[in-house]
Every structure is written in structure tokens, then in C-alpha cells.
Number of protein chains: 2
Amino acid sequence: MAIQRSEIVAEALNLLDAAGIEGLTMRGLAQRLQIQAPSLYWHFPSKQALMDSMSDALMEGVAREVSPSASCDERILQVAREIRSALLSRRDGAQVFSGTFVPTENVLRVGESLICALRDGGLDPGPAHWSAFSILYYILGFVIEEQGMAALDTAAFDAKKKALQKMYQAQFPNAFAAAEAVLSSDPDIRFTFGIKHLIGGLRLDGNSQHE
Amino acid sequence: MAIQRSEIVAEALNLLDAAGIEGLTMRGLAQRLQIQAPSLYWHFPSKQALMDSMSDALMEGVAREVSPSASCDERILQVAREIRSALLSRRDGAQVFSGTFVPTENVLRVGESLICALRDGGLDPGPAHWSAFSILYYILGFVIEEQGMAALDTAAFDAKKKALQKMYQAQFPNAFAAAEAVLSSDPDIRFTFGIKHLIGGLRLDGNSQHE
DNA sequence: ACCTGAACACCGTTCAAGT
DNA sequence: ACCTGAACACCGTTCAAGT
């Protein structure tokens, strides 16, 4: 019985979880599927095409039901959190997703939900569109860094801290404080704080813009 | 006469320009330097360490002289443009820079300049700090995508457009319009529009917040 | 239509040994 | 201190051939 494209993608995500993006190899994937590596090239023209499908699959459950009664802020916050969760759900998920723009159904639906909420918030098409990208890039950048830090072993982590200590703290006091925060504060809290601030800056109707 | 670390980094950037991130190999670099690949491991413990140095070198000329007379908005805009230029100055520069946080002098100076401008704009340390990350992530995400699109040959580019056409335009009208814009509009204009809107949302003193 | 065997042209990294 | 030769353990991809 022939193997399904969807099975390959699902198993590729399992391999990603188990071995990280470095360990995501065509040979390793083939082995898990009990086929030979070249067979994969009948289903996908390249590893990149497979990773594009993985990116789409990552967004499978995101923005499925966006509560229409919620405020625009809340809808954006909800979708943003769902995107982050989806990227975090697999090791190095953000790195897989990053890179090239993939105009597939799941990705477009996520984009649509963000832009819709922004438009409902009173933004014109242009600003809504740029704002959606700002939000996506923020999430992607945040999670790439988050998963990158998580991938460091304690030795590498300490090395980073050491490198930072070696800089003159007095020379770049603000950047130093920011770097320390990245290395030590709770990412959930950082994410919520940052995304709320980003949303709060978008001048949507109905948020406390003038206070 | 022994080779300098800085020569290796400089040549690595040249190789990046010539061959892209896929073609950036220790063997290829060694050849350009007229040494053998294993010799590089006396100077750098790993390829990643070399790429960290490349990231730092990319930021070499950024935020060197930020005009103190300019408004906060203008200073941020200037630094943002310098960062984008720096990333664009080498093929796949944004991808090299992306990934792990590198707390080196050039990187910290760039961060410092952004946070300083934000603080001068009246932001408290926390918001200034998150806003700086939002701006950095926006730029990084933008340029990764920009360079990713540039790397597509015309066949791959057309394939993306075709994939987009195959989606029901009516299903995701806003995302569709946004995707079309990414594929066809001038990146310089898109960048300026997006970053200005992002800065404009930060509620700095002295910009037209209430209009 | 779907898969394999064998091969091509590479990788990053280690390590003993050279100078 | 700095570099080499040889090797280890891999890669993505192609392609003729099998079923």
C-alpha cells in the first residue's frame, strides 16, 4: 500500500521533534517510514518542498475559531498566542516556518484572521496589512530566539552569559539590561508583554489609546 | 605569517556573497584563504562560532553616528534603515544574523541606540526594551523574506504565484491582497511604510499620536 | 504508480602529526 | 602557535532499474 504525502509530513514533524532541524534529514525520515531515501523524491521534488508542507501543517489548528464577539485586541492576542503555540509545538518549529513565504491554505487563513481583526479595529487595508506582517515577524523572531535559547546546553548558555559580562556594562547600559532580560526572564510573560504593547500601539478603535 | 581571525570573517562574508548561505562551507572558505579546512578550527571552535562573528561584523557600521538633534522617530528610522542596509549588504545576510542572540559589541551598540531613542521618546525601560525587539524582529523578518524572494529564480517565483492563484481568492481576500503585495510591490517602499507605521504606533512624545 | 540500489558530489568535525 | 593529511560519519539528490 502506497504511502501518503500527509503521512510523510506527519512523520517529518515527529523527526523534527526528536532530532531538531539539524537532524531532519531525508535519510532519517525515510528510515522512520521504512522506505529508502530516494523514494521521498517521488512525493516531494526537494527537501525544501517538504519543509514548505511542514510549515503549512504547523498552522493546521491556528485561527480555526476566532470568537466574533471578542474585541479586536483580544482576537489578535488570541491568534498571536495560537501562532506561538503552534511554532513551539515542534522543536525548531519557528526555524522551519521561517524563510520563504508559503501561500498555502492554513497560512493564508492565519493571515486572513489577523488582517480581518485589524480591519475591524478601524485600520485601512494598507496599515492592516503592514501591521499583520509586523505582528507575524514579531512572533517569528521571538520564537526563533526562544527555541534557539532552549536548544543551548548549559555550557553554551553560560558561555553567552560570560560573553555578555565581558562587555563593558557601562558602555551599553540599556542593551545590557535588555540582553539580561532575554537570558533570564520568563518567555511567556515577555511574549505577552511584547505582543500586547505591539497591539496597543496599532491605534485600533476601542483600546485605551489616549491615556 | 599567520592568518588573522578578522581576515577569515571578511573572506567568509565574501564567500557568502558569492555562494549564498548554502554555499558557505568550511572547505570553500579554506580554499579562498589558501589553507586546509581543518585549520579553520584552530581559529573558531565551530562553524556556528564563525557565523556569530559574521553577524557581529555585519553590524560593524550601523548606528555609528546617530544625529542627536534629530527627533526620536527620525533616529529610529535612521537606525532601522541602517540595519536593513547592513543585512542586505551581503547575500542571505539576514539568515546569517537570525538564529541565536549574539551579545557582541556591534550588536549591543545597535540595540543601545534603538533603546536610547525610544527612552528619549518617553518610553519606560520595559516598553522601550520590548519595542526595540519588535523593531528588530520586524526588520529581520522583513529582510529574511526579502532576500528569500530575491533568491528565487523566475521559475520558482512563478510557481509561488501559481500556488497562490490556485487558492480561492474569495476565501481569504485580505490575505490574498497582502500576499500579492509581497510578491509584486517595491520592497523599499514596503519597508519604509511598515517601519514608519510601527514607529508611529509606539506612542512616542512628539509624533502625531492623537490625529 | 511507487519504490530501490548504487552512486555522485559533497558536508562539519576530529585528531594525530608536522613545522 | 599555527597548519596539514587522512579519516569518520554523514548529507541532498539523480537515475536507471525494478515491481
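Only a predicted model underlies this, so the values are computations on that prediction, with no experimental measurement involved. Convention: sequence-line order gives letters A, B, ...; per-chain numbering from 1. All values below were derived from every heavy atom in this structure, side-chain atoms included, with hydrogens, water molecules and symmetry-related copies excluded.
- In this entry the distance linking OH of A/Y41 with C1' of C/dC8 reads 13 Å, nearest Å.
- Residues A/H197 and A/F193 keep their aromatic ring centres 6.0 Å or farther apart.
- Under the Watson-Crick or G-U wobble criterion, with both distances below 3.5 Å, C/dA16 is paired with D/dT4.
- Here the side chain of A/W42 is nearest to one of C/dC2, D/dG12, D/dT4, namely C/dC2.
- The same atom, P, is picked in D/dA9 and in C/dC10; the two are 22 Å apart, to the nearest Å.
- Listed pair A/H43 / C/dC3 meets the phosphate criterion, a side-chain N or O lying under 4.0 Å from OP1 or OP2.
- For residues 171-198 of chain B, the salt bridge (charged side-chain N to carboxylate O under 4.0 Å, His left out) pairs, not counting sequence neighbours, are B/R84-B/D188, B/E145-B/R190.
- Within 4.0 Å of A/L50, counting heavy atoms only, lies no atom of the nucleic acid at all.
- Using a 4.5 Å heavy-atom cutoff, the side chains of B/S53 and B/R5 are in contact.
- The CG atom of A/L198 lies 13.5 Å from the CH2 atom of B/W130; values are rounded to the nearest 0.5 Å.
- Distance CG (B/L29) to C1' (C/dG12): 13 Å, rounded to an integer number of Å.
- Residues A/G23 and A/P45 both approach DNA chain D. Their nearest nucleotides, taken by heavy-atom distance, put A/G23 toward the 5′ side.
- Taking 4.0 angstrom as the limit, B/S39 places a side-chain polar atom (N or O) nearer than this to OP1 or OP2 of D/dT4.
- Using a 4.0 Å heavy-atom cutoff across all strands shown, B/L40 reaches no nucleic acid atom at all.
- Base pairing annotation: D/dC11 forms no Watson-Crick or G-U wobble pair, as no partner gives both donor-acceptor distances under 3.5 Å.
- Distance A/M51 CE to D/dG12 C1': 13 Å, rounded to the nearest Å.
- Side-chain atoms of A/E74 and A/Q78 form no donor-acceptor pair, as typed in the model, at a separation below 3.5 Å.
- Put simply, CZ on A/F44 is 18 Å from P on C/dA1, counting in whole angstrom units.
- Sequence order on DNA chain D of the closest nucleotides to A/T25 and B/P38 puts B/P38 first from the 5' end.
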